[in-house]
2 protein chains.
Amino acid sequence: MNDTTPRTAVRMTRQRAAVAGALGDTDEFCSAQQLHERLRTRGDAVGLATVYRTLQTMADSGDVDVLRGEDGENLYRRCERSEHHHHLVCRVCGRAVEIDGPSVEAWAASVGAAHGFADIDHTVELWGTCVQCRR
Amino acid sequence: MNDTTPRTAVRMTRQRAAVAGALGDTDEFCSAQQLHERLRTRGDAVGLATVYRTLQTMADSGDVDVLRGEDGENLYRRCERSEHHHHLVCRVCGRAVEIDGPSVEAWAASVGAAHGFADIDHTVELWGTCVQCRR
DNA sequence: AGTCGTGATGAGAACGGTTGTCAACTCGAC
DNA sequence: GTCGAGTTGACAACCGTTCTCATCACGACT
Ligand SMILES: [Zn+2]
Ligand SMILES: [Zn+2]
Ligand SMILES: [Zn+2]
Ligand SMILES: [Zn+2]
């Protein structure tokens with residue numbers, strides 16, 4: 001009864017390969033609509049809904065990082081490391097650097113506990129303007 | 001020429017007083033729509049657009065703190081201190097504690113500079129579940 | 001290679017929070 | 001009281017995202 005064979009297979013399709021490829025081409029955070037447009041001009045078009053679904057799936061499985069841009073839209077990026085980390089993001093072009101808040105994790109947990117809060121989660125992101133986007 | 005008389009007067013209206021009053025009644029972060037509903041049931045109704053505009057104005061002038069909830073909607077709160085600070089927020093009821101990341105400010109600036117980023121801004125928020133909302 | 005079941009796709013509608021529009025209104029200075 | 005500029009509110013428009021559902025196509029098994 002403990003069947004280990006995947007009951008829900010995840011299929012590899014042209015669309016998913018295309019989205020993954022587009023994400024792999026850049027180290028910038030970009031939105032679903034940006035990716036959709038990029039794929040369209042590139043030649044292998046993918047439906048917008050599919051882009052959203054694919055990104056959501058990849059985010060759920062940890063294949064991409066998601067963060068909410070300052071204007072409210074979700075931005076996606078395939079990061080180098082898979083462990084928990086934070087980002088320093090250019091608010092103009094989306095270029096990002098992976099950083100780790102040294103003591104942030106422990107600090108968040110202790111502050112939360114000190115005030116009787118449980119299931120502490122934290123958001124730590126840095127925004128700036130990178131050298132290329134200056135001037 | 002250095003005219004100090006306010007050329008653009010900010011008027012006190014029934015609506016603005018109502019919004020400010022509703023915000024002063026609670027220490028929880030709440031959305032524009034929540035406030036709009038609260039005002040309606042309370043008796044002094046205010047148009048939804050006006051609630052949005054008033055909150056935006058108060059946020060711009062620093063009278064209220066804004067933060068984006070995990071579901072994407074803006075949440076507002078009249079905080080005790082006016083200096084820069086961060087929050088530990090209950091993701092269920094919105095109740096919040098004002099906290100200050102001790103070294104966060106300096107850390108953010110140094111990390112940004114180290115990577116050639118300028119105009120560094122940072123987002124540091126803690127989410128959890130408060131004692132009242134547990135169980 | 002052929003079959004088949006189920007996951008995947010895409011065009012378009014729907015959704016939810018927020019902002020824009022504009023004629024009517026009202027605060028407050030005079 | 002007068003008057004003008006700031007303010008209001010009902011409603012439409014916006015925009016990113018999700019839902020719907022008929023059609024398509026992986027891929028496991030012959
Ligand atoms: Zn990352
Ligand atoms: Zn940049
Ligand atoms: Zn605050
Ligand atoms: Zn709570």
Side-chain angles (χ1 to χ4, degrees), chain A residues 3-23 29-61 63-77 91 94, chain B residues 3-22 29-61 63-64 66-77 91 94:
Chain A
D3 198 341
T4 55
T5 56
R7 186 74 56 171
T8 60
V10 62
R11 295 183 188 169
M12 180 49 58
T13 64
R14 175 185 70 77
Q15 290 84 344
R16 288 184 185 172
V19 171
L23 274 172
F29 272 93
C30 43
S31 69
Q33 314 224 26
Q34 283 175 347
L35 283 169
H36 174 249
E37 178 61 18
R38 186 173 305 174
L39 289 168
R40 204 184 58 73
T41 60
R42 181 191 269 203
D44 40 15
V46 175
L48 180 57
T50 300
V51 175
Y52 273 107
R53 276 185 300 238
T54 303
L55 288 173
Q56 196 167 281
T57 302
M58 297 177 80
D60 287 345
S61 64
D63 292 333
V64 297
D65 279 9
V66 198
L67 67 81
R68 202 178 297 272
E70 294 183 321
D71 57 353
E73 65 185 349
N74 286 326
L75 302 176
Y76 304 84
R77 179 185 197 256
R91 60 170 67 85
Chain B
D3 197 343
T4 53
T5 55
R7 185 74 54 170
T8 59
V10 62
R11 293 183 190 167
M12 181 49 57
T13 63
R14 175 185 70 76
Q15 290 85 342
R16 289 185 184 170
V19 172
F29 271 93
C30 44
S31 69
Q33 315 223 26
Q34 282 174 346
L35 283 169
H36 175 248
E37 178 60 20
R38 187 173 305 174
L39 290 167
R40 204 185 58 76
T41 59
R42 180 190 270 201
D44 41 13
V46 175
L48 179 57
T50 300
V51 175
Y52 274 107
R53 276 185 300 239
T54 303
L55 288 173
Q56 197 166 283
T57 302
M58 295 177 81
D60 289 344
S61 64
D63 292 334
V64 296
V66 198
L67 67 82
R68 202 177 295 274
E70 293 183 324
D71 57 351
E73 67 185 349
N74 286 326
L75 303 175
Y76 304 85
R77 179 185 196 256
R91 62 169 65 87

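Every value quoted in this text rests on a predicted model; they were computed, and no experiment measured them. In the text below, chain A, chain B and the rest are named by the order of the sequence lines, each starting its count at 1.
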Visitor: Please round to 10 degrees the angle between the axis of the first five pairs and the axis of the last five pairs in the helix from C/dA1-D/dT30 to C/dC30-D/dG1.
Guide: 30°
Visitor: Any salt bridge (charged side-chain N to carboxylate O under 4.0 Å, His left out) involving residues 64-74 of chain A? Give me the pairs, sequence neighbours left out, ordered by first then second residue.
Guide: A/Glu70-A/Arg91
Visitor: Enumerate all atom pairs, one protein N or O and one N or O from nucleotides 15-18 of chain C, separated by less than 3.5 Å.
Guide:
{"from": "C/dG17", "atom 1": "OP2", "to": "B/Gln33", "atom 2": "NE2", "distance (Å)": "3.4"}
{"from": "C/dG17", "atom 1": "O5'", "to": "B/Gln33", "atom 2": "NE2", "distance (Å)": "3.4"}
{"from": "C/dT18", "atom 1": "OP1", "to": "B/Asn74", "atom 2": "N", "distance (Å)": "2.8"}
{"from": "C/dT18", "atom 1": "OP2", "to": "B/Tyr52", "atom 2": "OH", "distance (Å)": "2.6"}

Visitor: Kindly write out the residues that satisfy ring-ring contact (aromatic ring centres under 6.0 Å, His included) with B/Phe29, not counting sequence neighbours, or none if the list is empty.
Guide: B/His87
Visitor: Would you kindly give the CG-to-C1' distance between B/Leu39 and D/dG9, to the nearest whole Å?
Guide: 14 Å
Visitor: Using whole Å, what does the distance between atom C1' of nucleotide C/dT19 and atom CG of A/Asp71 come to?
Guide: 14 Å
Visitor: With sugar-phosphate meaning primed atoms plus P, OP1 and OP2, does B/Arg53 contact a base, only sugar-phosphate, or nothing at under 4.0 Å between heavy atoms?
Guide: base
Visitor: Under 3.5 Å, sequence neighbours excluded: what are the donor-acceptor pairs made by side chains of residues 43-55 of chain B?
Guide:
{"from": "B/Thr50", "atom 1": "OG1", "to": "B/Arg53", "atom 2": "NH2", "distance (Å)": "3.2"}
{"from": "B/Tyr52", "atom 1": "OH", "to": "B/Gln33", "atom 2": "NE2", "distance (Å)": "3.4"}
{"from": "B/Thr54", "atom 1": "OG1", "to": "B/Thr50", "atom 2": "O", "distance (Å)": "2.7"}

Visitor: By side-chain hydrogen bond (donor to acceptor under 3.5 Å, both in side chains), which residues pair with A/Ser61, not counting sequence neighbours?
Guide: A/Asp63
Visitor: What residues, two or more places apart in sequence or in another chain, satisfy salt bridge (charged side-chain N to carboxylate O under 4.0 Å, His left out) together with B/Arg42?
Guide: B/Asp25
Visitor: How close or far is atom P of C/dA8 from atom CG of A/Leu55, stated in whole angstroms?
Guide: 15 Å
Visitor: Apply side chain to side chain contact (heavy atoms under 4.5 Å, CB included) to B/Ala17 and list each qualifying residue two or more places apart in sequence or on a separate chain.
Guide: B/Met12
Visitor: Going 5' to 3' through nucleotides 25-30 of chain D, assign each nucleotide B (protein heavy atom under 4.0 Å from a base atom), S (under 4.0 Å only from sugar-phosphate atoms) or - (no protein heavy atom that close).
Guide: BBS---
Visitor: Mind checking side-chain hydrogen bond (donor to acceptor under 3.5 Å, both in side chains) for B/Arg16 and listing every partner two or more places apart, or none if nothing turns up?
Guide: none
Visitor: Tell me the interatomic distance from A/Glu70, atom CD, to D/dC15, atom C1', rounded to whole angstroms.
Guide: 18 Å
Visitor: Taking only residues at least two apart or on different chains, which pairs with a member in residues 29-39 of chain A satisfy salt bridge (charged side-chain N to carboxylate O under 4.0 Å, His left out)?
Guide: A/Glu37-A/Arg40
